[in-house]
Amino acid sequence: MAVGGALLGAASLGLPAQAKVSVDTSARLFRLDGGNSSYAFGVTKEGLLKALYWGPRLADSDRLEARSPHELSSVDPSSSIDTQEYPGWGGGLYTEPALKVAYPDGVRDVVLHYVSARAEGGAILVEMADIARPIHVTLRYTIDEATGIVGRSAVIRNEGKAPVRIDQASSAAWSLPVGDDYRLHYLTGRWASEWTLQERPVSAGSTVIESRRGSTSHQANPWFAIDRAGLSTEESGPVWFGALAWSGSWRISVDRDPIGDVRVVGGFNPFDFAYRLKPGATLETPVFYAGYSDHGMGGASRLLHRFEIAKILPEGPTPKLRPVLYNSWEATEFAVDEKGQMALAEKAAKIGVERFVMDDGWFGARNSDHAGLGDWTVNRTKFPNGLKPLIDKVHSLGMEFGLWVEPEMVNPDSDLYRKHPDWVISMPGRPRTEQRNQLVLNLARQDVRDYVLKAVDDLVSQNDIAFLKWDHNRNWSEPGWPGVDPQDQQQLYVAYVRNLYGIFAELRKRHPKLEIESCSGGGGRVDLGIMGLTDEVWPSDNTDPYDRLTIQDGFTHAYTPAVMMAWVTDSPNWVNNRSTSLKYRFLSSMQGGLGIGANLNKWADGDFAEAAKLVAAYKQVRQTVQQGDLYRLISPQNGSERSATFSVSRDKRQAVLFAFLHSSTKIDVLPRIHVAGLDPERRYRVRAIDAAASADDPVQSGAYWMNAGIDVPMKGDFQAEGRVFEAVD
């Protein structure tokens, strides 16, 4: 019996008009088609669930076969070299498992066989069970009709009468065909140096990308891309890519087995992981999304961006554009007060800011980072009449009001900690390691979860707050959960994040107009999980406009500019003591959601005039920048003297070029920049981004600008230019 489903789709993207989800239970073959790609798997006669195909879209008439596994040798049995969709650790498996369990009697072997499958709500649900023990797994598959991005997750159930310990639970195992020319791309970093692109051959052995920190982390990000050396470039060739929707500890392993098959396995990090599954209980993994592009890394990024905007962001498929914001941190740090913030708000309004955000220092005994976290009440010394006078002032200037918070943290010097020292993540009799003078509240506890939700809900309910910058400035240490059975304490890794997600979801339900930014000491918590509950993210505390070129380049490989906040701050910049012009700083930041974080009290009249002009220019192109198609024309990586990005609106009527020069030498003439993504038949007028349209502006076809290119003259150090392309009817 064959069951098929169809989802409407993607004609506007130049892709096939519908997606198909096919379940053939008689042949035990399953297939998902969407965008320009297909994903297929099936069941062997032995009952193993096997990957069959992942790549360019197949014809509807194409037939696949789940052939029985073969044994290479006595030391390479079929269980290890066959491409299982969700392998359990057992039965001679030597490659990376998706599931590892331990029973009370000491048995640690699990072999999953196919039981049944069905199509439900546009998804394929596959039931698996161990060959003898009462462990059952439901695998869920979805596909996005426009991009072909597949979502995979698993629900593990204990249908026995005794607890079972889950030692490893991944979301999915992805398989690529045998090959010796694969290259792995991934993102690493540290504080103020996030989003560093890495590349290495996929050779025999394993590459592990992970976070053990309790959160997504600065050190690595749960995204990967695999292309083929000699075939794949920025804009051509095959790329398989994926991203994990999880904001806790995670791991992605990339392995090439003895015969050359490549597998990518990702989900909960098994390090320090032990989840006791009681009889009748379930454990659901995060969703691991992955897709295929035959248009290189650029094509892979654009598919991810479109998918994130349409299917991940809370207000997709048409999320609100990011307003131009001002943040007070660099102007005042902790020394906030009513008078000073009002003065900054007046200055911000002069340049066209739409959202004024007061940063740290407004609550409790918060005069430095040593005290006050956890006490979310307004400091009446700084704000004698509460926040209302400041909020009213901000509104009178035509701006929304936003506030910085860090609700998951507590200072030992706080009323909350003095009252509830047991509320922090810790281990009995061990040090409580402080970082930034703070500890992490144990959000896995229901009472802590309820306190955090109430504190933030009260704050928003009692004040007209449109936006929260939600920070998370340290990682976990001593990850214990006192008061819980020792066998259950490591459930902390899952329960904490689930409760965090629940708080965000409840806040959004109670306050539908509230917007939230995910910030974690910069880019320490950016992933598809947190993006599904927030409106924007803070990629890095590093606001140096030159450093930001590589940071933003790495970021956009995985995540859309629609959520990427970028600030114009002071020069010289605090990170490198580098001096740059205001125009350079603005053009660097205008490639995402534009913010201003400079100390406006130090600006001259000319700075305000130039900034107002550039803010106005940004508002004319921000929909294209934030939600259009991004082409990385010239990479800033590896010390490149030049870089350029090009954003094209979905209807191809507007495009924006940002070009940067590190330094010029010897009167060198810069090569013309060849743009991409325009309609070759349309004619486009081109003007400087900060200039009005003129009869002297050149007008040429899209084909001309893409093939003949455009001159963007620049001389000197840290130069930047912007050009706007507008269709001429």
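Below, all heavy atoms of this structure are taken into account, side chains as well, without hydrogens, waters or symmetry copies.
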Against I309, only a single residue in T560, L304, V563 fulfils side chain to side chain contact (heavy atoms under 4.5 Å, CB included); can you say which?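 Going through the options one by one, the only one that passes is T560.
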
Using a 3.5 Å distance criterion without hydrogens, assess whether the side chain of [X] forms a donor-acceptor pair with backbone atoms of [Y].
X	Y	value
S171	P286	yes
Q198	Y186	no
Y451	Q446	no

Side-chain donor-acceptor pair under 3.5 Å between [X] and [Y], yes or no?
X	Y	value
Q341	D337	no
N576	D547	yes
D359	N327	yes
D369	N437	yes
Q219	T188	no

Decide side-chain hydrogen bond (donor to acceptor under 3.5 Å, both in side chains) for T216 and R213; before the verdict, give the C-alpha distance in whole Å, the side-chain angles of both, and the deciding distance to 0.1 Å. CA-CA 7 Å; T216 324; R213 297 167 178 262; over 6 Å; no

Return yes when atom NZ of K513 has more than 12 non-hydrogen atoms of other residues, nucleotides or ligands closer than 6.0 Å, and no otherwise.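 Incorrect, the count does not exceed 12.
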
Has E210 got more than 12 heavy atoms of other residues, nucleotides or ligands less than 6.0 Å from its CD?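 Result for CD/E210: enclosed.
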
Would you give the length of the straight line joining atom [atom1] of [X] to atom [atom2] of [Y], rounded to the nearest 0.5 angstrom?
X	Y	atom1	atom2	answer
W250	S170	CH2	OG	12.5 Å
W191	S217	CH2	OG	16.0 Å
S249	Q490	OG	CD	11.5 Å
Q552	W195	CD	CH2	11.5 Å

After noting the C-alpha distance and the side-chain angles of R432 and E434, does the key distance pass the salt bridge (Lys or Arg N to Asp or Glu O under 4.0 Å) rule? CA-CA 6 Å; R432 297 186 173 193; E434 296 179 26; over 6 Å; no

Over all heavy atoms of both residues, which pair between [X] and [Y] is shortest? Give the atoms and the distance, please.
X	Y	answer
L528	Y289	CD1-CD1, 3.7 Å
L514	D535	O-OD2, 4.1 Å
L313	M531	CD2-O, 3.6 Å
E517	M565	OE1-CG, 3.5 Å
A558	L187	CB-CD1, 4.0 Å
Q626	G593	NE2-CA, 4.2 Å

Test applied, ring pair (Phe, Tyr, Trp, His ring centres under 6.0 Å); reference residue, W329; option that passes from F334, W404, W362: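 For W329, the ring pair (Phe, Tyr, Trp, His ring centres under 6.0 Å) check succeeds only for F334.
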
Walk me through whether D629 and R302 qualify under salt bridge (Lys or Arg N to Asp or Glu O under 4.0 Å). CA-CA 6 Å; D629 288 327; R302 289 187 290 277; 5.4 Å; no

Can we say E408 and R525 salt-bridge, meaning some charged N sits less than 4.0 Å from an Asp/Glu carboxylate O?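 Yes, charged N to carboxylate O under 4.0 Å.
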
I'd like to know if K469 pairs up with E406 as an ion pair, taking the criterion as any Lys NZ or Arg NE/NH1/NH2 lying under 4.0 Å from an Asp or Glu carboxylate oxygen.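 Salt bridge absent between K469 and E406.
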
Any idea how Y559 and F555 line up, ring-wise: parallel (<30°), tilted (30 to 60°), or perpendicular (>60°)?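 Aromatic pair Y559/F555 classed tilted.
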
Do the numbers put R152 on top of the ring of F288, so that NZ or CZ is under 6.0 Å from the six-membered ring centre and no more than 45° off the axis?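 No.
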
Any pair with a residue in residues 507-539 that passes ring pair (Phe, Tyr, Trp, His ring centres under 6.0 Å), sequence neighbours left out, goes on the list, sorted by first then second residue, please.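 Passing the test, one end in residues 507-539: W538-W567.
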
R322 vs E515, salt bridge (Lys or Arg N to Asp or Glu O under 4.0 Å): CA-CA, chis, key distance, verdict: CA-CA 10 Å; R322 297 297 84 218; E515 296 183 8; 2.8 Å; yes

Assess whether salt bridge (Lys or Arg N to Asp or Glu O under 4.0 Å) is satisfied between E333 and R366, documenting all intermediate values. CA-CA 11 Å; E333 295 191 355; R366 190 68 167 171; over 6 Å; no

Is there a ring-ring contact (aromatic ring centres under 6.0 Å, His included) between Y584 and F660? Walk through the geometry before answering. CA-CA 8 Å; Y584 185 93; F660 301 88; 5.7 Å; yes

